[in-house]
2 protein chains.
Amino acid sequence: MAAAGTATVSAGKGERTAARIREVALDQFSRLGFERVTMSDIAEAAGLSQATLHYHFQDKDQLWRSAMLGLGEVIAEEERMLDAAQDASPLAQLRIAMRFFLRISWKHPALGRVVALEGMAGGERLAWLDEHVLGHRNRRLAALASAAIEAGVLKPFPPEMIVITLQAGAAGVINLAPLMRDTFGFDPDTAEGRAAHESLVLDALLSGFVKSERDI
Amino acid sequence: MAAAGTATVSAGKGERTAARIREVALDQFSRLGFERVTMSDIAEAAGLSQATLHYHFQDKDQLWRSAMLGLGEVIAEEERMLDAAQDASPLAQLRIAMRFFLRISWKHPALGRVVALEGMAGGERLAWLDEHVLGHRNRRLAALASAAIEAGVLKPFPPEMIVITLQAGAAGVINLAPLMRDTFGFDPDTAEGRAAHESLVLDALLSGFVKSERDI
DNA sequence: AGTTTTGTTGATTTTATAGTCAAAAAAGAT
DNA sequence: ATCTTTTTTGACTATAAAATCAACAAAACT
């Protein structure tokens, strides 16, 4: 029996294929959601039989969890970045976080999509995501927003709402690229599109929450 | 055989139960997406056998479409509102649209959720939604944004991105209420929450895209 | 080289769900 | 009250996908 979850010390063949499976699974789950992806889909994309998936992962749910931990690592990277910037002002840290969020969201569209899919549905998978992947970072961002409000540089709205609105707004253009193509014939996922999006997020979306000099 | 889709002139028993089915279906589909909802789930929630659903609707896909047309009516209402305000400035019309969007989004959380679910996945159902429910109104809003940019009152970002960001940002707090409860222990869906959200959307999210006097 | 452990697979079972159908029940017409 | 049409249902079929398993192959170990 393979040690699914807790990896053995040195990565043998098993761990390598498990990793490949996780990668493929993350890509597909995030694109289509849990139920639109079948074990055979993943197996095929990974060039394996679907029985092999069940050798490495007890069931579909565990494979999903295991794949999502990949996102956890990406987020951990962001948190280290924030640790390194702890001396900066709360607002400056929020800007850093947003810039990082954009970068990883274009690179792993998985992130925003999974959050959206599970965050709307609620239930066990959301609770698990919250505990193992998202919760800590989101509460940290809310604390930053809260501090920025107290410092008088952000408009006084519930910090939780600010954090969610910023991320949902920023992720919208990325997640909803299919809709934008259908509706507008506009593909945001180009070099120019991403550049325009970055300044849109930083100079319009985020700055809308910043108190202008007038207000001070 | 029942006339599924085209209602018979006077609403007999059949049309009334069909309407109940559509209501329940809209609620569940929008909360969980097409594939997480089974015909039996809907039947049970409507207090009917699942065979009855197939009497009124040919298949699951048709039921979904039929349910979504309920959203189409809500959007048509918004469009009438915009028609009535055609003399107002583009920005004023956008504000009206956003205010309306908030009102209906809290009343029919289905709307934003379905857009998010299908807008991320792409495919046939999205194309259908675009043609029958969403497309016209979104292109109209983009045209308004475009006009506002030309008038020099909105910052010059791609109008399609502005429209999507505004709606995704505004809908975030509504759609992701389950996540907010899990992560923050914060329930946005209260009288105060909705009030705070409205001013957040109008005075921070939207106003972030408005050129300040400084810029003019 | 031989043995054991780990990894892989085709074939099969199980389960969940969409969709059908003939018969019963309810509603409506005469 | 009887007949006709509409509506509802329980029981069934078909299908797709998850999960299992016994046999086989490859790697690792001695």
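Quick caveat, the model's predicted, so the values are computed rather than measured. Quick note on labels: first sequence line is chain A, next is B, and so on, each numbered from 1.
Per the geometry, CD belonging to A:Glu15 stands 21 Å off P belonging to C:dT5, to the nearest Å. Distance, A:Glu35 CD to D:dA16 C1': 15 Å, rounded to whole Å. Rounded to whole Å, atom P of C:dT17 lies 16 Å from atom CG of B:Leu63. Going from atom CZ of B:Arg16 over to atom C1' of D:dT6 covers 13 Å, rounded to whole Å. For the pair B:Asp41 CG and C:dA16 P, the interatomic distance rounds to 13 Å; values are reported in whole Å. When the C1' atom of D:dA26 is taken as reference, atom CG of A:Leu48 falls 14 Å away, rounded to whole Å.
Considering only side-chain N and O atoms, B:Tyr55 lies nowhere under 4.0 angstrom from the phosphate OP1 or OP2 of D:dT8. In this model, the phosphate group of D:dT8 is not approached by any side-chain N or O of B:Thr52 to a distance below 4.0 Å at OP1 or OP2. A sub-4.0 Å separation between OP1 or OP2 of D:dT8 and a side-chain N or O of B:Thr17 is present. For B:His56, a side-chain nitrogen or oxygen approaches OP1 or OP2 of D:dT8 to under 4.0 Å.
A 6.0 Å sphere centred on NE2 of A:His54 holds more than 12 heavy atoms belonging to other residues, nucleotides or ligands. The environment of NE2 in B:His136 is sparse: at most 12 heavy-atom neighbours from other residues, nucleotides or ligands sit within 6.0 Å.
Among D:dG10, C:dG10, D:dA18, the nucleotide with an atom closest to any side-chain atom of A:Ser40 is D:dA18.
For A:His132, the ring pair (Phe, Tyr, Trp, His ring centres under 6.0 Å) partners two or more places apart in sequence, or in a different chain, are A:Trp128.
Looking at B:Glu79 and B:Arg139, no side-chain N of the basic residue comes within less than 4.0 Å of a carboxylate O on the acidic one, giving no salt bridge.
Between the CG atom in A:Leu129 and the CG atom in B:Leu179 there is a gap of 8.5 Å [rounded to 0.5 Å].
Sorted by first and then second residue, the pairs that involve residues 179-205 of chain A and meet ring-ring contact (aromatic ring centres under 6.0 Å, His included), not counting sequence neighbours, are A:Trp106-A:His197.
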**Request:** Mark up nucleotides 19-24 of chain C, 5' to 3', with B wherever a protein heavy atom is under 4.0 angstrom from a base atom, S wherever such an atom reaches only the sugar-phosphate, and - elsewhere.
**Result:** BBB---

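The aromatic rings of B:Phe34 and B:Phe29 lie parallel to each other, with less than 30° between the two planes, well short of the 60° mark.
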